[in-house]
Amino acid sequence: MQEENLKGWLRGGQRRTTVVVCIMFVLGHLETGRAEPLDSPKKWRILVDKTFMHLNNELPLRKKQVHDIAEAGFNVIVPRRGGSDIDFLEKCARWAEEEGVAFMPWMRGTLPSEDGPEMVWGDGKTTPICSPTSDRLWNWLTRRVTSYARLGRRVDSVIGVFLDYEIYSQPKSGNAYSLSYDGKTIEEFAREQGIDPPSLRPSKRREWLRDRGLHEEFSAFQVKRWRIRCRRLRAKVDKIHPEFRFCVYPAPGTPFIKKAICQEWATDQAPLILADHSAYGRRGTIPHKLALEANRRVFARNDRSVVLENFPHDYIGGIDPKVEGADPEFSGKNALMQAQVADGYWVFYEGPTQPSWQDRVPYFTPGPADHEAYMKWFTWANRRIDSGDMDAWKEPRQTRDRVGRPAQSPGLSTLRETGADWTEPALREAATRLRGSGAYYIRGRSGHRIRLFMHGHQLGDYEDIPGYLLYAPGGEMIKQGKIPLGKRVTAAFTPEEDGLYQLITYSRQNCASVRPDASHWVMVPAGFPESPTSLSICQFAPRLYFYVREGTATFTVEARSPRSNAERAAVQVLDPMGRTVADGESKRTVRLPISVAEGQDGKVWSLAIEEPRKGILEDVDLRLEGVPPLLAESPDALLVPGE
């Protein structure tokens with residue numbers, strides 16, 4: 001890209017959301033799958049870097065690295081660190097200007113609270129960040145953003161700021177912001193209403209407002225304050241640099257983003273840039289092609305939900321190599337797909353030079369050697385964007401896909417040859433709910449029909465419809481289909497040969513449960529057998545059985561609540577006689593070390609996951625260490641590793 005373009009398409013708006021434009025855009029989606037940006041064929045390619053900076057000890061980028069990022073085809077560089085060092089930012093921005101690309105500082109949109117009000121959620125839980133109406137928050141935000149706007153007046157490459165509204169403080173409670181029920185805001189609202197401020201515990205404040213029919217007024221009161229704050233900041237920026245743009249994550253957005261930022265920070269001279277994260281990678285063991293198609297549906301749906309709103313904006317997709325299943329080739333093609341659907345993409349570039357903190361990632365955890373591969377595939381995507389070859393993401397894979405492939409010859413055998421004899425009522429009873437993805441091994445006998453009783457379970461307002469894939473012993477796919485939400489469906493197949501058939505379910509944010517009527521079948525964690533991680537259970541599991549090999553002296557059962565401190569699980573481990581030998585309740589994580597008594601090895605043990613005394617039973621990552629991570633809903637159905 002040439003330097004003269006910086007003041008053109010990078011500064012100017014790509015999408016203008018008037019009523020006529022909305023209609024054109026929607027028709028473009030319906031007829032062709034894409035309406036091109038209206039003012040320019042260019043696409044955003046934004047790199048938010050956490051990887052290059054880890055390749056050296058300098059804070060945070062070198063001139064050569066800025067050149068390498070530009071050479072790879074990115075047109076906006078955003079260093080993840082260094083936002084408070086204006087001298088570094090100016091130096092880095094001038095390097096970007098020399099390369100003919102744009103530059104944005106990165107900053108959080110939240111600020112840790114001190115003496116001021118904390119963020120108080122509707123259920124009374126608090127997060128130690130300033131509330132969205134805090135003077136301290138807005139004074140800090142104004143100082144920081146206006147300093148960037150002044151930098152943009154000095155250096156043409158500085159086109160805006162990347163604002164991250166993910167909450168990094170613990171305990172986390174989503175993204176910022178929703179309504180805050182902090183005492184100061186409640187008190188100010190009560191005074192405006194002419195009533196005495198209530199003296200209530202945080203958990204009772206929302207209920208108090210609702211009981212008095214004041215909650216809608218409270219919501220309007222707070223949103224009005226959000227918009228006033230946003231409007232003042234935009235006005236200050238406009239006096240300095242009216243073309244200065246805000247790029248905001250996450251999209252489609254929180255109530256604060258939708259009701260205040262989108263209305264006040266987007267102008268004709270500086271349209272808002274909304275950074276989506278819904279298709280970062282692929283959730284679960286979903287094959288490459290199916291995962292890209294699923295991502296496209298989710299991302300396009302989010303884009304459409306925003307494009308009908310009447311404010312100038314661009315919408316871009318997100319990529320994160322550190323999330324589940326986001327290997328280099330998938331990430332490059334995912335980036336190209338999202339650029340085709342909307343106005344470009346951005347990368348939260350982490351993972352290749354850092355140890356992974358996500359033990360739930362199946363098959364693939366990027367390490368330092370993968371940095372070159374990621375840049376190769378992002379370069380591939382950027383060149384396809386420049387050439388207009390936007391359908392190239394549909395091409396067959398060039399590299400081996402380590403996700404969604406059935407393991408060859410896992411070497412499982414029956415423990416009890418008779419197996420389980422499932423009755424019709426038992427097949428219709430509640431089965432283990434697996435979130436994201438699930439993997440099952442089913443022993444099939446040639447000519448003996450097997451039915452799969454499957455159920456899709458919705459969580460909240462997520463719309464992801466679960467699906468399933470069935471593989472033959474040789475690895476070829478023999479069946480696939482959908483599992484409707486809220487319904488039980490039955491699929492059947494007749495094995496053509498004896499052996500192990502693998503069933504994979506994928507449900508993204510929702511859940512799926514399966515119970516085959518085969519005599520032998522087990523559930524396995526993602527990554528089995530190469531590098532098993534954990535079984536992602538959600539909301540319900542019946543008693544689960546597993547095998548303790550002969551000679552085993554100790555093993556460990558771990559249950560982890562990966563999403564929230566409010567989510568917990570009570571876990572019991574039972575010996576072959578059904579006696580509880582260990583139990584505990586997770587508060588994020590509970591580990592139960594088990595000593596195997598004499599004569600208790602070489603037998604079937606079990607575990608139970610139940611409602612906790614405190615908190616709610618939602619997501620539970622279950623991990624077995626020291627014993628085969630194969631779980632069955634009947635002791636007779638167990639398959640075990642062969643000798």
Side-chain angles (χ1 to χ4, degrees), residues 170-172 280-286 320 322-326 355-365 403 431-440 457 459-460 462 464 466 504-514 522-546 555-573 582-594 605-612 614-633:
Q170 295 294 336
K172 293 182 68 173
Y280 263 173
R282 46 179 156 172
R283 295 186 181 276
T285 52
I286 309 175
D320 186 343
K322 203 170 184 179
V323 305
E324 199 169 7
S356 177
W357 48 264
Q358 286 188 309
D359 60 6
R360 301 176 71 226
V361 176
Y363 299 101
F364 180 77
T365 302
V403 176
T432 305
R433 297 183 182 185
L434 300 182
R435 189 171 193 181
S437 65
Y440 304 76
H457 307 276
L459 297 175
Y462 293 120
D464 305 311
I504 292 176
T505 62
Y506 54 97
S507 55
R508 292 182 65 87
Q509 297 283 20
N510 286 318
C511 303
S513 60
V514 178
V522 290
M523 294 173 286
V524 300
F528 178 86
E530 298 174 354
S531 54
T533 56
S534 55
L535 197 68
S536 297
I537 296 170
C538 186
Q539 293 184 329
F540 177 80
R543 191 165 167 182
L544 299 175
Y545 298 86
F546 59 95
F555 66 91
T556 301
V557 173
E558 178 185 286
R560 186 166 72 95
S561 301
R563 296 175 184 266
S564 168
N565 284 335
E567 298 178 11
R568 302 186 182 189
V571 183
Q572 293 184 60
V573 179
D583 58 43
E585 187 168 305
S586 65
K587 186 177 181 181
R588 301 298 292 193
T589 301
V590 59
R591 287 179 61 85
L592 302 176
I594 310 297
W605 290 53
S606 64
L607 60 87
I609 298 174
E610 299 175 340
E611 291 282 350
K614 295 182 179 180
I616 58 173
L617 177 61
E618 187 80 16
D619 291 284
V620 180
D621 286 353
L622 179 67
R623 182 192 290 271
L624 303 182
E625 300 173 3
V627 294
L630 307 167
L631 292 142
E633 294 183 350

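- For the atom pair CG of Leu607 and CG of Asp583, the computed distance is 12.5 Å after rounding to the nearest 0.5 Å.
- Side-chain contact check for His457 versus Ser513: some heavy-atom pair is nearer than 4.5 Å.
- Residue Ala541 comes nearest to Ile537 through the heavy atom pair CB-CG2, 4.0 Å, listed as atom of the first residue, atom of the second, then distance.
- Listed here is the closest heavy atom pair of Ala431 and Pro542: C-CD, 4.1 Å.
- Side-chain contact between Leu535 and Asp621 is absent, with no heavy atoms from C-beta onward closer than 4.5 Å.
- To the nearest 0.5 angstrom, Arg560 atom CZ is 11.5 Å from Arg591 atom CZ.
- Among all heavy-atom pairs drawn from Ile594 and Ala582, the shortest one is CD1-CB, 3.4 Å.
- In this structure, Asp320 contributes its side chain and Tyr280 its backbone to no donor-acceptor pair below 3.5 Å.
- Thr505 contributes a side-chain N or O that, together with a main-chain N or O of Gly438, makes up a donor-acceptor pair within less than 3.5 Å.
- Checking side-chain atoms of Arg282 against main-chain N and O of Gly325 turns up a donor-acceptor pair under 3.5 Å.
- For the atom pair CZ (Phe546) and CG (Leu622), the distance works out to 9.0 Å, reported to the nearest 0.5 Å.
- Between Glu558 and Thr589, some side-chain heavy-atom pair lies under the 4.5 Å cut-off.
- We find the CD-OH distance between Glu633 and Tyr545 to be 10.0 Å, quoted to the nearest 0.5 Å.
- Annotation: side chain of Leu617 is in contact with side chain of Pro612 (closest heavy-atom distance under 4.5 Å).
- Taking CD of Glu611 as the start and CD of Gln539 as the end, the distance is 9.0 Å to the nearest 0.5 Å.
- Between Ala326 and Gly281, the closest heavy-atom pair is CB-CA, 4.0 Å.
- The side-chain heavy atoms of Met523 and Val514, taken from C-beta on, include no pair separated by under 4.5 Å.
- Checking side-chain atoms of Ser561 against main-chain N and O of Val620 turns up no donor-acceptor pair under 3.5 Å.
- In this structure the side chain of Leu631 never reaches within 4.5 angstrom of the side chain of Thr432, judged on heavy atoms.
- Two residues are said to be in side-chain contact when any heavy atoms from C-beta on lie closer than 4.5 Å; Trp605 and Leu624 fail this criterion.
- Atom-to-atom distance recorded for Ile609:CD1 and Arg543:CZ is 13.0 Å, nearest 0.5 angstrom.
- Taking both residues in full, the closest heavy atoms of Arg435 and Cys538 are given as CB-CB, 3.9 Å, listed atom of the first, atom of the second, then distance.
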